[in-house]
Amino acid sequence: MDNLAIAHVLNEIADLLEIRDENPFRIRAYRNAASAVTDSGERIADLTDPALRQIPGIGKDIAGRIRELVESGQCRYHQELLAEFPPGVLDLLHLQGIGPKTVALLYGSRRIQSVDELEQAARGGALRGLRGLGPKKEQLILKAIDEWRRHAGRHLTPDAWEVATGVVDYLRDTSPHTTFDIVGSLRRGADTCGDIDILACGAAPDLMAHFVRHPHVERVLGQGDTKSSVRLRKGYQTDLRLVVPESRGAALQYFTGSKLHNIELRDRALRRGWKLNEYGLFQASDGTRLAGDTEEALYAALDLAHIPPELREMRGEIDAAKEGTLPRLIELSDLRGDLHMHTTATDGRDDVETMARAAKAAGLSYIAITDHSQALAMANGLDEAQALAHARRIREVAAQIEGVTLLAGIECDIRPDGQLDLADDCLAQLDIVIASVHSAFNQSPEEMTNRVLRAMECRYVDVIGHPTGRLLLRRDPYAIHVERLIAAAAQHGVALEINSLIERRDLSDAHARLARDRGVKLVISSDAHSVRAFGGLRWGVMTARRGWIEAKDVLNTLPLEALRRGLRRSRKGKRGKGVKA
DNA sequence: GCCGTTTTCGGCCCGACTGTTTTCAGTCG
Ligand SMILES: Nc1nc2c(ncn2[C@H]2C[C@H](O)[C@@H](COP(=O)(O)OP(=O)(O)OP(=O)(O)O)O2)c(=O)[nH]1
Ligand SMILES: [Mg+2]
Ligand SMILES: [Mg+2]
Ligand SMILES: [Zn+2]
């Protein structure tokens with residue numbers, strides 16, 4: 001059972017307890033535990049009971065539930081709750097404006113236990129007479145059902161960024177003296193986001209009216225003087241918050257989140273006799289204002305170093321800020337090269353020279369051209385002879401271009417049995433080899449893990465590409481045991497890739513952090529298939545930052561010669577010396 | 001249900017907007 005499956009059960013327990021109107025703090029405890037499980041790079045199912053209880057938010061009871069879940073596939077507590085409420089009622093919670101109280105009422109008084117039944121009831125007037133459900137609410141329910149059917153779920157963060165900047169541009173037009181910031185999970189650089197959050201600071205009396213008239217608005221969810229929400233087309237909910245400039249720091253902090261990070265900061269303020277909200281930090285006794293103009297001052301007032309947004313996930317950042325041990329996070333400008341890209345030789349759109357010039361223009365001083373190998377027939381993958389011919393071509397182009405060095409590489413498929421798709425003597429003649437899985441995704445954890453470990457035995461494999469194969473919002477990672485992969489990578493000196501493609505971001509932030517902690521070097525790559533794609537490195541860097549990664553953890557921050565020395569093929573170790581001719 | 005430079009018991013973040021509430025509960029951020 002993987003972490004997400006465990007977290008799912010814990011979240012369902014929380015939802016069911018909430019419908020049953022249980023103690024809100026117990027409910028929160030289950031949600032916190034679910035969040036801790038989701039965020040763990042380690043496989044929770046493999047942890048011993050004491051190790052489990054080490055995780056903040058997991059105590060005696062929940063550790064027991066998790067163990068039961070892992071050992072038997074289910075847990076009685078969860079089953080008992082499900083016996084009380086049919087699983088369909090949980091869907092109702094996802095409707096905008098429907099919460100646990102309403103669900104309890106709907107099920108308790110009308111036995112409504114699915115979205116379809118709710119729709120029928122609302123249409124047929126069967127909700128009339130229920131306390132708190134008037135005609136307006138009835139209409140809202142029908143709208144929410146329609147929207148849920150059309151667009152449920154989250155968005156890739158980079159896609160939402162585009163929409164968000166469009167909205168900000170629109171708002172700026174009429175409020176030139178107001179500052180706008182994109183906040184929430186977007187500012188934290190999360191893989192996916194549930195909505196778009198925008199903070200406005202200034203005196204802008206017409207702002208909200210203007211906001212709800214944005215041409216893409218499908219429905220106004222709420223409109224007040226300081227806060228409004230709309231649904232834009234394609235399911236982009238957008239929240240806008242307005243505060244006076246003096247509160248910008250506190251409002252940025254609040255609206256950037258995460259929620260758990262906010263609660264921790266507010267609790268910290270409380271323990272010191274203060275109160276923290278989106279307007280500032282205040283003395284609890286007399287309301288004296290202590291901070292709030294800037295985020296820096298706010299964190300400082302709480303005796304904390306300023307915490308970069310990407311770290312505000314309650315993954316240890318508060319302690320680190322307290323102790324002054326926050327990492328110096330990698331930045332995009334730290335990257336000197338890009339070690340994964342494709343050209344017209346396989347499935348890329350631009351040729352080697354065009355890619356090289358674009359890379360140079362993007363400020364990179366070296367790149368590796370890594371087209372596909374033969375197994376990827378769909379992408380025109382190269383066999384040994386073609387790969388070597390392509391390498392010669394790359395070196396010819398390299399000789400003609402100044403200011404950027406080209407490495408001749410390959411993204412070599414790892415076949416289902418763990419054999420590499422190209423022979424060793426071919427791989428040996430290249431400058432860099434990425435090995436990746438592109439087939440047979442349904443293998444068991446044992447098969448998949450042994451497959452990749454076997455590929456890593458080859459001394460010419462320098463990097464494992466997109467190590468888990470996940471496609472965000474579309475495909476689960478294949479069943480690879482990431483911690484065994486990390487251990488093997490550490491042993492062989494193989495680097496693990498953080499693939500920057502927005503639907504991959506693979507390794508994930510949590511796994512990248514775990515890999516680094518266990519002595520593995522990382523590579524942040526664009527996997528570019530055209531010249532436009534170098535900009536995507538930004539998202540790989542975001543993932544790295546969320547994983548507490550510093551420049552020194554990443555090979556392609558090194559100057560070229562140091563990078564070459566850092567690649568597995570030239571590292572000295574028990575697997576032998578470099579193999580340069 | 002979790003947790004502890006204030007605690008092993010007694011706390012647990014704080015505020016905006018909506019609808020039908022006759023004074024505020026529910027939902028959401
Ligand atoms: N103090 C406090 N702040 C909250 C709460 N809920 C949300 N916030 C703050 C922190 C969030 O990052 C921010 C935006 O809320 P969202 O619901 O949009 O969450 P966020 O953007 O983090 O994630 P998302 O990708 O939208 O699901 O508002 C809360 O219950 N308490
Ligand atoms: Mg959000
Ligand atoms: Mg939001
Ligand atoms: Zn690939």
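Not measured: the values here are computed from a predicted model. Residue numbers begin at 1 in each chain, while the letters A, B, ... track the order of the sequences.
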Polar atoms only, N or O, under 3.5 Å: list the protein pairs with nucleotides 1-5 of chain B and their distances.
from: B:dG1; atom 1: OP2; to: A:Arg26; atom 2: NE; distance (Å): 3.1
from: B:dG1; atom 1: OP2; to: A:Arg26; atom 2: NH2; distance (Å): 3.0
from: B:dG1; atom 1: O6; to: A:Asn23; atom 2: ND2; distance (Å): 3.3
from: B:dC2; atom 1: OP1; to: A:Gly59; atom 2: N; distance (Å): 2.8
from: B:dC2; atom 1: OP1; to: A:Gly59; atom 2: O; distance (Å): 3.4
from: B:dC2; atom 1: OP1; to: A:Ile62; atom 2: N; distance (Å): 3.1
from: B:dC2; atom 1: OP2; to: A:Asp61; atom 2: N; distance (Å): 3.4
from: B:dC3; atom 1: OP1; to: A:Gly57; atom 2: N; distance (Å): 2.6

### Query
If the C1' atom of B:dC9 is compared with that of B:dC14, how far apart are they to the nearest Å?
24 Å
### Task
Write down the distance separating the C1' atoms in B:dT8 and B:dC13, rounded off to the nearest Å.
24 Å
### Task
Quick one: label A:Leu265 by what it contacts on the DNA or RNA (base, sugar-phosphate, nothing), any heavy atom closer than 4.0 Å.
nothing
#### Entry: Pi-cation contact, A:Tyr30 with A:Arg26 (under 6.0 Å, within 45°)
no
### Query
Reckon A:Gln237 has a side-chain N or O less than 4.0 Å from the OP1 or OP2 of B:dG29?
yes
### Message
Please report the distance separating the C1' of B:dT7 from the corresponding atom of B:dC12, rounded so that it comes out in whole Å.
### Response
13 Å
### Query
What's the CD-C1' distance between A:Glu18 and B:dC28, to the nearest Å?
12 Å
### Query
Counting distance only, does the side-chain N/O of A:Arg53 pair as donor-acceptor with the main-chain N or O of A:Ile58 below 3.5 Å?
no
### Integer-rounded Å distance: B:dT20 P and A:Glu138 CD
10 Å
### Side-chain ion pair, A:Glu147 and A:Lys143, N-O less than 4.0 Å
no
### Message
Would you say A:Arg28 places a side-chain N or O within less than 4.0 Å of OP1 or OP2 belonging to B:dC13?
### Response
yes
## Note on the structure
The nucleotide from B:dG26, B:dT20, B:dA16 with an atom nearest the side chain of A:Lys137 is B:dT20
### Task
Using the C1' atoms only, state how far B:dT20 lies from B:dT27, rounded to an integer number of Å.
15 Å
### Query
When all nucleic acid strands are considered with a 4.0 Å heavy-atom cut-off, which category describes A:Glu278: base, sugar-phosphate, or nothing?
sugar-phosphate
### Query
Between B:dG29 atom P and A:Tyr254 atom OH, what is the distance in whole Å?
9 Å
### Query
Are the charged groups of A:Asp334 and A:Lys552 less than 4.0 angstrom apart, N to O?
no
### Query
Between atom CG in A:Leu199 and atom C1' in B:dA16, what is the gap in whole Å?
14 Å
#### Entry: Closest to side chain of A:Asn277, choosing from B:dG29, B:dG15, B:dC13
B:dG15
#### Entry: Selection from B:dC14, B:dG19, B:dT27 that lies nearest to any side-chain heavy atom of A:Lys136
B:dG19
### Task
For B:dC17 and B:dT23, measure between their P atoms and round to the nearest Å.
23 Å
### Message
Can you list, in residue-number order, the parts of residues 89-98 of chain A that come under 4.0 Å of DNA chain B, counting heavy atoms only?
### Response
A:Leu95, A:Gln96, A:Gly97, A:Ile98
#### Entry: Axial cation check for A:Trp161 ring with A:Arg538, 6.0 Å and 45° limits
yes
### Task
Using heavy atoms to find the nearest nucleotide of DNA chain B for A:Gly134 and A:Ile263 separately, return the residue whose nucleotide is more 5′.
A:Ile263
### Query
Going by atom types only, do A:Asp239 and A:Gln237 share a side-chain donor-acceptor pair under 3.5 Å?
yes
### Query
Rounded to the Å, how far apart are A:Arg268 CZ and B:dT6 P?
10 Å
### Message
What is the separation between atom CG on A:Leu127 and atom P on B:dG19, rounded to the nearest whole Å?
### Response
16 Å
### Query
Is there a Watson-Crick or G-U wobble partner for B:dT8 with both distances under 3.5 Å, and which nucleotide is it?
none
### Task
Establish, yes or no, whether the cationic atom of A:Arg241 lies under 6.0 Å from the six-membered ring centre of A:Phe255 and within 45° of the ring axis.
no
### Task
Would you mind checking if A:Asp181 and A:Arg248 are paired as a salt bridge, meaning a charged N to carboxylate O distance below 4.0 Å?
yes
#### Entry: Cationic N near anionic O, under 4.0 Å, A:Asp191 to A:Arg470
yes
### Task
In whole angstrom, give the distance that lies between atom CG of A:Leu260 and atom C1' of B:dC12.
13 Å
#### Entry: Closest nucleotide among B:dT20, B:dG29, B:dG26 to the A:Asp239 side chain
B:dG29
### Summary
Rounded to whole Å, CZ of A:Arg266 lies from P of B:dG15 at a distance of 7 Å
#### Entry: Sole candidate of A:Arg187, A:Met542, A:Glu317, A:Arg188 that passes side-chain contact (heavy atoms from CB on, under 4.5 Å) when paired with A:Glu310
A:Met542
### Query
Does A:Ser229 make a side-chain N or O approach to OP1 or OP2 of B:dC17 shorter than 4.0 Å?
no
### Message
So for A:Tyr279 and B:dG15, does any side-chain atom that can act as donor or acceptor lie under 3.5 Å from a complementary atom in the base?
### Response
no
### Task
State whether a side-chain donor-acceptor pair under 3.5 Å links A:Glu42 with A:Asn3.
no
### Message
Give me the distance, rounded to whole Å, that separates B:dG26 from B:dT21 when you measure between the C1' atoms they each carry.
### Response
11 Å
